[in-house]
Amino acid sequence: MIHWLALIATRLLRLALVLAAVAVVGFALAKLSPVDPINAYLGADMVRVGPEQRALIAEKWGLDLPAQVQFGKWLGSLLSGDLGYSMTYNAPVAEVLAARFKTSLPLLGLAWLFAGLIGFVLGVLAGAFPGTWIDRITRLYCYVLASAPTFWFAILLLMVFSVGLGWTPICCAGPIGVLPQDVTPWQFLQHLILPLLALIVLGVAQIALHTRAKMVEIMQSDYALYARAQGASRMEIALRHGARNAALPAITVLFASLGELFGGSVLAEQVFAYPGLGSATVAAGIKGDVPLLLALALFLTLFVFTGNAIADLLYRVIDPRLHGEVAR
Amino acid sequence: MSEAIDIPAVMLRSTGLNNRAWTLLAALTGALVIASVAMAAVLLGGFGIDADFTTRLAPPSLSRWFGTDQLGHDMLARTIHGLNVSLWVGLIAATISVLIATLLALFATTCGRWADALVSFLIDAAMGLPHLVLLILISFALGGGTAAVIIAVAVTHWPRLTRILRAEILQLRHADFIIVSRRMGKSWAYIGYHHFLPHLWPQLLVGLVLLFPHAILHEAALTFIGFGLEPSKPAIGVLLSDSMRYLMAGKWWLGLFPGLCLLMLVLCFDAIGNGLRLLADPRQEQL
């Protein structure tokens with residue numbers, strides 16, 4: 001019990017440190033940017049605003065203060081729960097984050113789940129029968145698709161299914177002109193399917209290759225040889241011994257790959273104009289919406305860190321040999 | 001598990017070339033393809049960059065394999081120019097990344113405990129954000145453009161390699177010749193430069209080549225979403241984001257070929273990296 005508490009405490013401490021580092025570096029990077037926040041805010045109205053009004057805006061936003069004071073103020077309001085105001089979406093950052101996360105969650109969650117399942121099954125089969133056609137096809141698929149640019153693959157999907165065949169809509173998370181709350185589940189699914197497919201097809205590769213390597217190792221182990229001597233077939237060994245032992249590293253890889261999954265979703269959401277966290281990140285970066293960009297960076301750090309922490313803890317829960325061992 | 005009983009790996013091909021020969025052949029082919037892309041880009045000169053309004057949006061044909069775009073550019077020439085841009089960005093970014101990774105790994109292993117802890121924390125922090133988001137942040141800070149992309153890609157690709165190199169050196173620290181060198185009164189700095197660094201060369205070379213694909217893909221992605229190279233440059237990311245505008249009109253060739261060529265380029269680098277790894281460490285890659 002003490003071990004677990006110590007483990008979680010060190011994790012939390014590390015999280016706090018990483019978050020602090022991201023906050024400092026993120027803020028410094030945003031300050032460094034040549035994008036002028038007032039110009040970004042004004043947009044086309046820039047020409048109609050005189051220097052006096054600019055000075056007023058700068059004063060109101062605290063832009064005339066030294067950078068470290070600005071950082072202090074930002075951090076202070078951050079800690080009190082105020083994430084700031086997003087100019088891009090004309091809404092408080094917290095609201096934007098919540099709404100976007102709600103749209104992204106089905107996409108990310110389902111992609112994660114299916115990529116994991118399919119990748120694991122493919123990896124187990126390929127690793128249990130190395131050199132056979134299923135192994136060759138799996139490896140070819142993984143090597144090619146692990147290198148394919150996500151956004152290009154998404155464009156191909158659009159070309160084939162939306163433009164060529166006309167089966168799926170061309171963009172967004174619901175029909176154009178329909179409010180998000182009025183979209184029926186069926187319509188939502190129809191809009192979700194292509195970005196989801198893009199993420200799954202590309203996400204399978206890593207987990208399959210990893211599981212395959214592990215399976216090959218297991219199939220050559222002493223206990224697999226022993227089971228073979230007892231008359232178990234290759235398939236039986238693969239399912240009884242292989243899949244179980246390979247599950248652990250697979251789960252770890254899966255949880256640790258949340259960051260990459262999000263990276264893929266940024267590109268997929270951009271291609272399909274899917275209004276999730278990914279497209280919000282791009283919009284915030286392009287429009288110079290600093291509060292939103294920084295809040296997203298912190299949120300995603302938390303997201304990725306949670307994934308890694310879960311992977312680490314699961315490892316210890318599932319593997320009895322590691323019970324209660326304190327992190328190095 | 002058991003290292004005493006070395007069960008031979010399953011023989012994949014009983015006839016013809018063995019695995020090793022195949023890998024090296026693939027590596028050689030990859031190198032040839034990359035060299036010819038770089039050559040072709042030089043030979044093409046302004047072809048594919050200057051507009052030709054007589055042939056706009058022509059579909060692929062025998063004379064124009066990849067078709068033409070909205071300004072009448074030949075897409076094959078444009079794609080080759082784009083790949084060439086990718087190659088340069090990749091080369092600069094991968095070299096800088098390998099340099100950073102080497103310095104950090106040597107620093108972590110030769111400058112004491114706190115240095116090691118610091119480097120570990122840096123790795124943690126850099127890997128704490130999704131990579132693409134970090135790239136967006138840095139490009140935003142630098143205001144976008146070619147230089148911004150190169151810097152962003154260069155300063156974010158070191159963590160994984162640093163980890164590998166650090167683990168390698170930590171293992172090396174217990175080798176007899178290092179211990180002897182220590183006993184003879186050599187400083188860690190001396191050992192780092194004269195023993196660790198020469199030992200790491202193969203790793204560094206493989207790391208450099210295998211960083212290329214990541215760098216190239218990230219450059220293309222950044223450019224595609226609008227942070228990267230100027231829209232006037234024939235980069236693959238620009239070509240693909242242009243193709244999005246003609247997608248609904250059914251101009252499929254604008255999107256298909258540049259991406260396919262980018263994929264081929266990446267696979268070439270993977271092949272070379274695998275070949276080099278095989279040469280550097282023959283015990284690996286047996287499966």
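Naming: A, B, ... by sequence-line order, numbering from 1 per chain.
Among all heavy-atom pairs drawn from A/L267 and B/I225, the shortest one is CD2-CG2, 3.8 Å. Pairing each heavy atom of B/F121 with each of A/A21, the nearest pair is CZ-CB, 3.9 Å. Contact record, A/G259 with B/P130: O-CB, 3.6 Å, taken as the closest heavy-atom pair.
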Please determine whether side chain to side chain contact (heavy atoms under 4.5 Å, CB included) holds for the pair A/Y143 and B/D270, giving the CA-CA distance in whole Å, both sets of side-chain angles, and the decisive distance to 0.1 Å. CA-CA 9 Å; A/Y143 280 128; B/D270 272 341; 6.0 Å; no
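Neither the backbone nor the side chain of A/V25 has a heavy atom closer than 4.5 Å to any heavy atom of chain B. Only the side chain of B/I136 has a heavy atom closer than 4.5 Å to any heavy atom of chain A. Neither the backbone nor the side chain of B/S139 comes within contact range of chain A, judged by heavy atoms closer than 4.5 Å. For A/V160, no part lies near chain B; criterion is any non-hydrogen pair under 4.5 Å. Both the backbone and the side chain of A/L17 come within less than 4.5 Å of a heavy atom of chain B.
Here B/D124 contributes atom CG and A/L15 contributes atom CG; the two are 11.0 Å apart, rounded to the nearest 0.5 Å.
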Without placing hydrogens or testing angles, list every side-chain donor-acceptor pair under 3.5 Å for residues 293-304 of chain A, not counting sequence neighbours.
unit_1	atom_1	unit_2	atom_2	d
A/T301	OG1	A/A297	O	2.6

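For residues 128-145 of chain B, there are no salt bridge (Lys or Arg N to Asp or Glu O under 4.0 Å) pairs, not counting sequence neighbours.
The ring pair (Phe, Tyr, Trp, His ring centres under 6.0 Å) check on A/F262 picks up nothing, with sequence neighbours excluded.
Residues of residues 150-157 of chain A lying under 4.5 angstrom from chain B, judged on non-hydrogen atoms, are A/F151, A/W152, A/I155, A/L156 by number.
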